[in-house]
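Down below is the structure, laid out as structure tokens.
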Amino acid sequence: MTDPAGLVLTNGRIHSLTEPDEIHEAIAIRDGEIIRVGSSYEINFLRGATTDVLDLDGAVVLPGFIDAHTHLEQLGRRLVQADLSGTDDIADAIDRLNEERERTDSGWICGYGYDETEWDERRRLTMADLDQVSVDRPVVAFREDLHTGSLNSVAFDQFANEFPEHDVHRENGDPTGVVVEDALNVIHEATTPDATAMRSLIEAARDRAHELGITGVHDFVRNSTAPQVYRALDLADALNLRVRINYWSDHLDALIELGERTNYGSEFVRTGAIKSFADGSFGGRTAKLSEPYEDGDTGQWVTAPNELEGLIERADASGFQYAVHAIGDVAIETVLDRFERTEDPAGARHRIEHAELLTAELIDAIAQSGVVVSAQPNFLKWAREGGLYEDCLGVDRTARTNQFRRLLDAGVVLAFGSDCMPMNPLFGVQQAVTAPHERQRLTVTEALRAYTTGGAHAGFAADRLGTIKAGKRADLVVLNGSPWDVPVEVIADIGVTHTIVDGNVVFERER
């Protein structure tokens, strides 16, 4: 006889995050599905001789976090290769790259995630800096936004003929080693790992995601190696993470030819959206703006509007969701116009990724279209006084970035992700609830819903994921503190004690 429940969580504070948020004491799970939520007394009747029981001792349980915009390969690289995030200064970044050189015997020396706005000397790494690491091997240091990179002389000279001239930064006519956008894509391709190395990166990233309470990701992949690895792990029942693969538009023809469509796949690996870039980033001064940067022009198109329109039209007609990176106000307006030309943008769940600089008119238009805004609340770290946004945009426009409050009030669906800057949902929640401007600031519940129900909606999975109720899949995160009870300035310090995916405990922190 099968026991009524395979796993019971009891004696907790279980937030359903439904409307309204119901709080329960216990959950019963069978075959990966939540079969009942209620009091510990009620759920106790569903325990059998072989039921696993997790006594929560008052801990908080939430639906598992869904990172709706991330790059697991890049996270894995930070974990396995040189992590330049959080470096104190240029010298510290060079030291970490030197450690990577010592760790490896040959080939590329790669570092990921530097942010010069955190340094006293607020400048990007240059060729001269990276030549201190090696003059024999190619060296690349990717900026945190992945739209800007720094090369040493060996790397620059090797690919100089392939770089579009407008994507190469020069001073007095000489290259500095800093490249952006399409020029950097050349380096991404040159440093793509093979399937064996990719598996190591993805497994490391998956394990880190579990430590952070993440049970599902919408992964934006640059190449075909990562999807192969995901499917191999899935077939081996070794993935333990729900992955929506969002493919670069370079793969659109092949996907159409193969008969792929959005939402095709298994319980753990599904085809998501087709991805394009409309513009670049604020850090690279390449996001497309209606008014110039404080220290430059108005940015640039990564994909020309006419080309973007054709891609969206073909993908939509072939049954694909479309996701477009658009950061500047001009880019957002252009992308929204192209989405509105499709038959049913809301039903297709077409997405604007980032949507950082908005006007009141754009917010109203997005709400009317039903298009999803896939946003990154952790970017608000740059909206503080003296931060990156003020350097790029000035004080007035900084207040118009990441207007989550106004978007939500207008009825826009917000799906929160990290873009791996950093990958930490609780850090993102903290940024959203402590945002410097009222038009940006959310409540704790609203921010958590954007990291759970919002991602589920954007991934066509609201009937299965995103809240805690009977009939949903048992994707859960257990916290050792309550985001509602601690000071908002320390929400990111709350610890994840357990992560449960499809009813299986995939992470348990040692006591």
Side-chain angles (χ1 to χ4, degrees), residues 7-10 12-30 32-38 43 54 56 59-70 209-218 240-244 267-268 372 374 377 408 413-418 423-429 432-433 442-484 491 494-508:
L7 175 66
V8 162
L9 280 64
T10 188
R13 295 172 59 193
I14 298 162
H15 288 262
S16 67
L17 291 189
T18 54
E19 296 276 5
D21 180 23
E22 299 176 346
I23 302 177
H24 304 279
E25 290 182 325
I27 306 174
I29 299 165
R30 181 174 60 225
E33 180 182 308
I34 297 170
I35 58 173
R36 188 162 181 177
V37 291
I43 300 302
L54 176 58
L56 299 170
V60 169
V61 180
L62 302 174
F65 297 128
I66 299 170
D67 191 322
H69 185 119
T70 196
H210 287 159
E211 292 174 11
L212 297 168
I214 295 169
T215 58
V217 296
H218 299 180
N240 296 324
L241 184 71
R242 299 189 198 277
V243 178
R244 287 183 67 81
E267 184 66 43
F268 283 93
V372 174
S374 167
L408 203 62
V413 175
L414 284 176
F416 276 173
S418 69
M423 178 190 256
N424 186 339
L426 289 173
F427 176 81
V429 169
V433 302
L442 298 180
T443 67
V444 170
T445 301
E446 290 167 340
L448 288 170
R449 283 184 176 139
Y451 249 122
T452 52
T453 58
H457 173 84
F460 296 86
D463 60 329
R464 302 164 45 247
L465 308 172
T467 58
I468 298 175
K469 61 187 297 186
K472 296 245 179 145
R473 304 310 296 175
D475 290 6
L476 309 166
V477 56
V478 183
L479 307 178
N480 65 6
S482 170
W484 292 272
I491 288 174
I494 296 172
V496 172
T497 65
H498 298 78
T499 301
I500 298 170
V501 178
D502 216 44
N504 297 307
V505 178
V506 297
F507 171 73
E508 181 174 3

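Everything quoted here is computed from the prediction, not taken from an experiment.
- A donor-acceptor contact shorter than 3.5 Å links the side chain of Asn480 to the backbone of Gly495.
- Looking only at side-chain heavy atoms (C-beta outward), His24 and Arg36 stay at 4.5 Å or farther from each other.
- Screening Val429, Leu442, Leu448 for a side-chain contact (heavy atoms from CB on, under 4.5 Å) involving Phe416 leaves a single residue, Leu442.
- Listed for the Asn424 side chain is a donor-acceptor partner under 3.5 Å among the backbone atoms of Leu426.
- Not counting sequence neighbours, Asp67 has no partner by the salt bridge (charged side-chain N to carboxylate O under 4.0 Å, His left out) test.
- Salt bridge status for Arg449 with Glu19: present, with a side-chain N to carboxylate O gap under 4.0 Å.
- A donor-acceptor pair is defined here as one N or O able to donate and one able to accept, closer than 3.5 Å; no such pair exists between the side chain of Thr499 and the backbone of Phe507.
- Between the side chain of Lys469 and the main chain of Val37, no donor-acceptor pair closer than 3.5 Å is present.
- The only option from Thr497, Val60, Leu62 that meets the side-chain contact (heavy atoms from CB on, under 4.5 Å) definition with Val477 turns out to be Leu62.
- Residues passing the ring pair (Phe, Tyr, Trp, His ring centres under 6.0 Å) test with His15, sequence neighbours excluded: Trp484.
- Between the His210 side chain and the Asn240 main chain, a donor and an acceptor come within less than 3.5 Å of each other.
- Salt bridge annotation for Arg242-Asp502: present, with a cationic side-chain nitrogen under 4.0 angstrom from a carboxylate oxygen.
- Within the structure, no pair that satisfies the ring-ring contact (aromatic ring centres under 6.0 Å, His included) test touches residues 452-477, not counting sequence neighbours.
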